[in-house]
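These notes are about the structure you will find just below.
Computation of the quantities below employed the complete heavy-atom set of this structure, encompassing side-chain atoms and omitting hydrogens, waters and symmetry-equivalent molecules.
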Amino acid sequence: MTTSAVKNNFLPPGLVSNLQEVLLNRKGAQNDKDQQSKPKVDDPSTQPSSSDSIPDVAADDADSTKPVVLVTNADGIESPGITCLVDALVRQGLCNVNVCAPQSDKSVAGHSFTLKETIAVTPTDIHGATAYEVSGTPVDCVSLALSGALFSWSKPVLVISGINRGSSCGHQMFYSGVVAGAREALFNSVPSISISLDWRNDESQESDFKDAVSVCLPLINAAIRDIEKGAFPKSCLLHIGVPKSPLTNKGFKLTKQSLWSSTLCWQAKSSTRNLAAGRFLPNQQSLGMQLAQLGRDASAAGAARKLVTQRKNIEVVESVGIAGKADPDRKVKYFRLELLDKKQEEEDEDLDFRALENGFVAVTPVSLAMHVEADANAAASKWISSALEVEQ
């Protein structure tokens, strides 16, 4: 797997090299053709792109008669979920597979995107598919891919986000990067599917991803077919939850998004875990950005020194200004978030997490419209009326 070493104002060296090779091959092929026949006028394959963006270097290998499918994920481009999915789609040969996925794990990035920072895009290879790894979030990847700045096609017929390691049920969908990737496609009027495997650390193994692909592939093929016919749902994305034992599933079940959620537990941490490094180097930034951040911190501190004490397992850092005067008001405490499962009270068998627990493949429609339940709407209306009466 290649890594990015890019300046903000230059293309990645690997991409430049690949592009030069493609252009030379095109030039040589055109010269051979000119010797045998007259050149065609206004051949679109020889016309330069109207954009100054990174071109799709593998566009010549694509079969224009096949539909284009974009694949992204949240676990990172090297994760087994996306590699198994891409491998199966490429082997099947029914569509042109394009990949644009995060370099690193962005599973709980939610619907965040990168603003006021430059992201690095590096071409890579995944089982022969046209693929790029991006130093951003799943939403960055889908937004960039659909913008026309990266790929030569105008719009894919389908965006598939996954396969995620771990379920994305209930309230987890708001935190989930894999669902966000599919949601961003729907924002852009592109049909989309997100897929999660109900991974269990003490039971699951990587071969389960391959099994999950075999389970989902018929539904993916049906989606591509029906999208071209205009029969696929346009107002929602579909989230597919695959049970922990994919091959022993009880079948597909249409489910509703539940209120299932994890408990967010914050733990105080001490300096013995080298948490200061995490403070200075968030989100696995590129080397240049890391050095810049360290430089800014060093400049701000000047001749400062830090007095580290331990109080109740919390690191307290006392900052000293450039003039050498202590600043007792500036203290740093370190915490780490852990997600803990909690018992769920909802008993409806048609809820997403219940269907997964019972061994079904849960297919949950996720709409962009945030509908308010009738009871909640009535209660809010009653409260607003009474509140206004009191104010008057």
Side-chain angles (χ1 to χ4, degrees), residues 1-4 11-26 28-29 45 49 53-104 120-134 138 141-142 144-146 148-164 178 181 185 190 192-193 195 206-207 209-221 223-225 228:
M1 186 64 62
T2 58
T3 58
S4 61
L11 296 177
L15 178 58
V16 173
S17 177
N18 290 343
L19 178 57
Q20 289 174 339
E21 182 179 350
V22 171
L23 292 176
L24 288 173
N25 289 338
R26 282 188 179 180
S45 66
S49 172
S53 57
I54 302 174
D56 180 357
V57 296
D60 289 349
D61 297 331
D63 184 348
S64 59
T65 64
K66 295 179 180 179
V68 174
V69 171
L70 175 67
V71 181
T72 190
N73 78 338
D75 289 345
I77 199 164
E78 293 184 336
S79 64
I82 193 171
T83 54
C84 288
L85 176 60
V86 171
D87 182 42
L89 292 172
V90 171
R91 285 177 179 273
Q92 191 174 234
L94 299 180
C95 58
N96 293 322
V97 184
N98 295 259
V99 182
C100 190
Q103 284 179 338
S104 58
V121 180
T122 308
T124 186
D125 179 70
I126 303 181
H127 300 294
T130 303
Y132 296 94
E133 59 180 49
V134 179
C141 295
V142 174
L144 175 62
L146 299 181
L150 185 61
F151 293 100
S152 60
W153 38 257
S154 58
K155 190 169 71 171
V157 298
L158 178 66
V159 172
I160 307 174
S161 184
I163 297 174
N164 189 65
V178 73
V190 178
S192 58
I193 293 173
I195 308 173
E206 290 198 357
S207 61
F209 285 107
K210 187 175 181 180
D211 296 337
V213 170
S214 66
V215 169
C216 296
L217 210 53
L219 197 61
I220 292 173
N221 292 336
I224 296 173
R225 180 194 64 224
E228 294 182 313

Is [Y] close to [X] at the side-chain level, that is, under 4.5 Å between some pair of heavy atoms?
X	Y	result
Leu158	Ile193	yes
Val71	Val69	yes
Val157	Val68	no
Leu89	Ile160	yes
Pro102	Val134	no
Tyr132	Val99	no

Steps toward side-chain contact (heavy atoms from CB on, under 4.5 Å) verdict (Ile163, Ile82)
CA-CA 6 Å; Ile163 297 174; Ile82 193 171; over 6 Å; no
Closest heavy-atom pair and its distance - [X], [Y]:
X	Y	result
Pro67	Leu94	CD-O, 3.5 Å
Pro218	Ser214	CD-O, 3.4 Å
Phe209	Cys84	CB-SG, 4.1 Å

Given the rule in the side-chain contact (heavy atoms from CB on, under 4.5 Å) test, do Cys100 and Val142 qualify, once you have shown the distances and angles that lead to the verdict?
CA-CA 7 Å; Cys100 190; Val142 174; over 6 Å; no
Donor-acceptor check, side chain of Lys66 to backbone of Gly93, threshold 3.5 angstrom: yes or no?
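Such a contact is found between Lys66 side chain and Gly93 backbone.
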Is a donor on one side and an acceptor on the other found under 3.5 Å between the side chain of Thr72 and the backbone of Gly181?
no
Any side-chain donor paired with an acceptor under 3.5 Å for Trp153 and Asn98?
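Distance-only check passes for Trp153 and Asn98.
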Can you find a side-chain donor-acceptor pair between Ser161 and Asn73 that sits under 3.5 Å?
no
Rounded to the nearest 0.5 Å, how far does [atom2] of [Y] lie from [atom1] of [X]?
X	Y	atom1	atom2	value
Cys95	Ile220	SG	CD1	9.0 Å
Thr130	Phe151	OG1	CZ	7.0 Å
Thr83	Ile126	OG1	CD1	7.0 Å
Thr122	Glu133	OG1	CD	5.0 Å
Gln92	Asn221	CD	CG	4.0 Å
Asp87	His127	CG	NE2	4.0 Å

Which of these, Cys141, Pro156, Ser154, sits in a side-chain contact (heavy atoms from CB on, under 4.5 Å) with Leu146?
Pro156
Please assess Ile195 against Asn164 for the test side-chain contact (heavy atoms from CB on, under 4.5 Å), listing each intermediate value before the final yes or no.
CA-CA 6 Å; Ile195 308 173; Asn164 189 65; over 6 Å; no
